[in-house]
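The next block holds one structure in the form of structure tokens; read it before the comments.
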Amino acid sequence: MNVFITGATGYIGGSVAIAMIKNGHKVRGLTRSFSSAQQLMTLGIEPVMGELEDAELLVQEACKADAVFNTANADHLGAVEALIAGLKGTGRVLIHTSGTSIIGDDARGDFCSDAIYSENSTLVIDPRKQARRDIDLRVIEASKLDIRSAVVAPSLIYGYGKGINKQSIQIPFLSKNASDNGAVQIVGKGLNTWSNVHIDDLVDLYLLVAEKCKGGSLYFAENGEASFIEIAKSISKRLGIHAIEHLDPEFAVEKWGMARALFSFGSNSRVRSVRAREDLGWNPKNHSAQQWILNEMKIYP
């Protein structure tokens, strides 16, 4: 296939690109800088110079592609509309990357929610995430335009990527923050719980979605879960930093920003990947972020 990927220099997009190349596909990747373009070329990815705001360029690239992976920005409606315009009426694949933060609550670290969602559930969306959910629905509805469209919503991702960007978001941030501050810092009690997924298993899911998905599908990506106090204890042991600090949520907002403090680290986000397993035969191999932290996470000086 001819594949076009937005976010090809990123953690998810780069890992997907490498996997697609290994499977014999030709990959073009969007990038904004000359230096990143050179790095993409060394990985066998043909760079496309441009930005998500370049609607005409995105339409052109989508028109030429058998499959499009949008991994750059879950909140960029204009890019999604351009990709849909380029794929309309072709029967080709559009995979958009969202995230399970769309069902995040306002726990502020203080409790583990009983709410666990599958793709078949009626989702309860925080108003602050409704715009992202609306973009997901736009992609799903694009199946009516003869596009084999799907949304992949990863949970907390861990493991090292295969592309230019090797690092995920949540665990590396907490680890570096712990090294910088001499304590593993979490929001509130850290009882809030997120499902999680290893990057290698997530990439396998993307490939299966491209190959087998029915248009108009949503797939959660998870294989295990952990509370943030469990993650903090694992980081503490791995780094040899014994102090764990429970930040007041308002102070965490001041320190890290609202999105990071209240959603990335303060909310519950518990999901089950029912459709991915039943419809696509997805069989993830890794199930413990804590064990990865203890046994595989690198320790930097």
Side-chain angles (χ1 to χ4, degrees), residues 12 73-77 96-140 151-158 168-174 177 184-198 202 205 218-235 244-276 287-290 293:
I12 297 176
N73 187 335
D75 301 307
H76 200 295
L77 177 60
H96 172 71
T97 305
S98 181
T100 65
S101 66
I102 59 172
I103 54 91
D105 59 16
D106 195 30
R108 301 182 176 230
D110 282 345
F111 63 88
C112 175
S113 172
D114 293 332
I116 303 176
Y117 298 92
S118 77
E119 302 94 339
N120 302 316
S121 303
T122 299
L123 306 183
V124 177
I125 310 296
D126 187 288
R128 291 167 291 182
K129 289 292 182 178
Q130 188 60 52
R132 176 175 294 188
R133 175 59 174 165
D134 289 342
I135 293 174
D136 294 350
L137 293 174
R138 178 71 181 102
V139 174
I140 290 170
V151 174
V152 175
S155 50
L156 181 152
I157 315 173
Y158 64 96
S168 60
I169 297 173
Q170 287 150 300
I171 291 174
F173 177 88
L174 290 178
N177 185 74
V184 184
Q185 296 179 328
I186 53 177
V187 177
K189 299 175 183 177
L191 300 177
N192 56 307
T193 298
W194 270 60
S195 298
N196 51 59
V197 64
H198 192 283
L202 177 60
L205 176 57
L218 165 68
Y219 300 98
F220 287 139
E222 64 76 31
N223 193 41
E225 65 178 17
S227 67
F228 274 94
I229 187 61
E230 291 173 319
I231 289 174
K233 288 177 179 178
S234 297
I235 293 173
I244 296 177
E245 293 183 359
H246 299 265
L247 302 183
D248 178 88
E250 294 304 323
F251 176 73
V253 169
E254 293 179 12
K255 182 179 176 68
W256 295 339
M258 186 189 73
R260 181 170 283 161
L262 300 187
F263 282 102
S264 298
F265 299 115
S267 68
N268 289 284
S269 184
R270 305 180 69 193
V271 298
R272 298 294 181 265
S273 300
V274 174
R275 285 186 189 165
H287 66 275
S288 175
Q290 302 97 298
I293 292 168

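All residue numbers refer to positions in the sequence shown, counting from 1.
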Taken to the nearest 0.5 Å, the spacing of Ser195 OG from Ile157 CD1 works out to 12.5 Å
The side-chain hydrogen bond (donor to acceptor under 3.5 Å, both in side chains) partners of Asn73 (sequence neighbours excluded) come to none
- In terms of heavy-atom contacts, does CD1 of Ile169 have more than 12 from other residues, nucleotides or ligands at under 6.0 Å? no
Residues pairing under salt bridge (Lys or Arg N to Asp or Glu O under 4.0 Å) where one sits in residues 113-129, two or more places apart or in two chains, turn out to be Asp106-Arg128, Asp126-Arg128
More than 12 heavy atoms of other residues, nucleotides or ligands under 6.0 Å from NE2 of His287: is that the case?
-> no
Please output the side-chain donor-acceptor pairs of residues 247-255 that fall under 3.5 Å, not counting sequence neighbours, one pair per line with the distance.
{"residue": "Asp248", "atom": "OD2", "partner": "Glu250", "partner atom": "N", "Å": "2.9"}
{"residue": "Asp248", "atom": "OD2", "partner": "Phe251", "partner atom": "N", "Å": "3.4"}
{"residue": "Glu250", "atom": "OE2", "partner": "Arg108", "partner atom": "NH1", "Å": "2.6"}

Sorted by chain and residue number, the ring-ring contact (aromatic ring centres under 6.0 Å, His included) partners of Phe173 (sequence neighbours excluded) come out as Trp256, Phe265
Taking every heavy atom of Val184 against every heavy atom of Ile235, the minimum-distance pair comes out as CG2-CG2, 4.0 Å
Thr193 and Cys112 have their tightest heavy-atom pair at OG1-SG, 3.3 Å
Carefully, step by step, assess Asp105 and Val124 under the rule side-chain contact (heavy atoms from CB on, under 4.5 Å).
CA-CA 9 Å; Asp105 59 16; Val124 177; over 6 Å; no
When rounded to the nearest 0.5 Å, the distance separating CG of Asn196 from CD of Gln170 is 9.5 Å
Do Val274 and Phe220 have side chains that get closer than 4.5 Å, going by heavy atoms?
-> no
(Q) side-chain contact (heavy atoms from CB on, under 4.5 Å), that's the test. Do Leu123 and Ile102 meet it? Break it down for me. (A) CA-CA 9 Å; Leu123 306 183; Ile102 59 172; 4.3 Å; yes
(request) Look at the side chain of Ser118 and the backbone N and O of Arg272, then say whether any donor-acceptor pair between them is shorter than 3.5 Å. (result) no
CD1 of Ile229 to CD1 of Ile244, rounded to nearest 0.5 Å, is 4.5 Å
Handout entry: Steps toward salt bridge (charged side-chain N to carboxylate O under 4.0 Å, His left out) verdict (Asp110, Lys189)
Key = CA-CA 5 Å; Asp110 282 345; Lys189 299 175 183 177; 5.2 Å; no
Rounded to the nearest 0.5 angstrom, the CG-OG distance for Leu262 and Ser101 is 12.0 Å
Those residues at least two apart in sequence (or on a different chain) that pass side-chain hydrogen bond (donor to acceptor under 3.5 Å, both in side chains) with Ser267 are Trp194
Looking only at heavy atoms, the pair that brings Gln185 and Leu174 closest together is O-CD2, 3.4 Å
For Thr97 and Pro154 the tightest heavy-atom approach is CG2-CD, 4.2 Å
Sequence neighbours excluded, the answer for salt bridge (Lys or Arg N to Asp or Glu O under 4.0 Å) partners of Arg270 is Glu225
Closest non-hydrogen atoms of Ser168 and Tyr158, given as atom of the first, atom of the second and distance, are OG-CA, 4.1 Å
- Query: Is it true that the side chains of Ser155 and Thr100 contain a donor and an acceptor less than 3.5 Å apart?
  - Reply: no
To the nearest 0.5 Å, atom CG of Leu191 lies from atom OG of Ser113 at 12.0 Å
Distance col, row Asn177:CG vs Glu245:CD, nearest 0.5 angstrom, shows 9.0 Å
Heavy-atom nearest pair, Ile186 first then Phe228, reads CG2-O, 4.0 Å
Is there a side-chain contact (heavy atoms from CB on, under 4.5 Å) between His198 and Asn223 once you walk through the steps?
CA-CA 8 Å; His198 192 283; Asn223 193 41; over 6 Å; no
